Amino acid sequence: MQQHTFGNTSEMVSHAGYDRDKHVLYLTYHSGPTTIAYRNVTPSLWEELLKSAYPDVCIRFKIQAHHPFRRVEPAFRPLHYSFVK
């Protein structure tokens, strides 16, 4: 699974994960935190989201508006590899 942390670029989401084999995008929203899995997200849309100067616009109009979704429990968190030296 590919992962991305949005930092200050998004007011809606903090983290994203993408499963290329299943075409599932996981977005962890600041509110909650809540993770939503969006199906049928193409690799090109994932790349567009990562490169977008305005990820919230991409999420709202290209992902939320067009892809079936479900809530994921527990909330998705990025993997931390700080213990590896």
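Only heavy atoms go into these numbers, but all of them, side chains included; no hydrogens, no water, no symmetry mates. A quick note: this is a predicted structure, and the numbers were derived from the prediction, not measured.
- The minimum heavy-atom distance between Y18 and T42, with the atom names listed, is OH-C, 3.2 Å.
- Note that the CD1 atom of I59 and the NE2 atom of H67 stand 12.0 Å from one another [nearest 0.5 Å].
- Side chain of H30 to main chain of V13: a donor-acceptor pair is present (N/O by atom type, distance under 3.5 Å, no hydrogens or angles).
- Residue F6 comes nearest to P55 through the heavy atom pair CE2-CB, 3.8 Å, listed as atom of the first residue, atom of the second, then distance.
- Between L27 and A16, the shortest heavy-atom contact is CD2-CB, 3.7 Å.
- Among H66, R60, K62, the one residue that satisfies the side-chain contact (heavy atoms from CB on, under 4.5 Å) test with Q64 is R60.
- Between the side chains of T35 and T28, at least one donor-acceptor pair of N or O atoms lies under 3.5 Å.
- Here the side chains of W46 and H4 are in contact, with some heavy-atom distance below 4.5 Å.
- Counting only heavy atoms from C-beta outward, the side chains of P68 and N40 approach each other to under 4.5 Å.
- D56 places a side-chain N or O within 3.5 Å of a backbone atom of E11 that can act as its donor or acceptor partner.
- Listed here is the closest heavy atom pair of R71 and I36: CA-CD1, 3.9 Å.
- Looking only at distances, a side-chain donor or acceptor of S10 sits under 3.5 Å from a matching main-chain atom of M12.
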Practice prompt. Go through I63 and L25 one step at a time and tell me if the side chain to side chain contact (heavy atoms under 4.5 Å, CB included) criterion holds.
Written response: CA-CA 9 Å; I63 296 168; L25 172 66; 3.5 Å; yes
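- Salt-bridge check for R20 with E47: passed, with a basic side-chain N closer than 4.0 Å to an acidic carboxylate O.
- Between M1 and Y26, some side-chain heavy-atom pair lies under the 4.5 Å cut-off.
- In this view, R70 satisfies the side-chain hydrogen bond (donor to acceptor under 3.5 Å, both in side chains) rule with no residue, not counting sequence neighbours.
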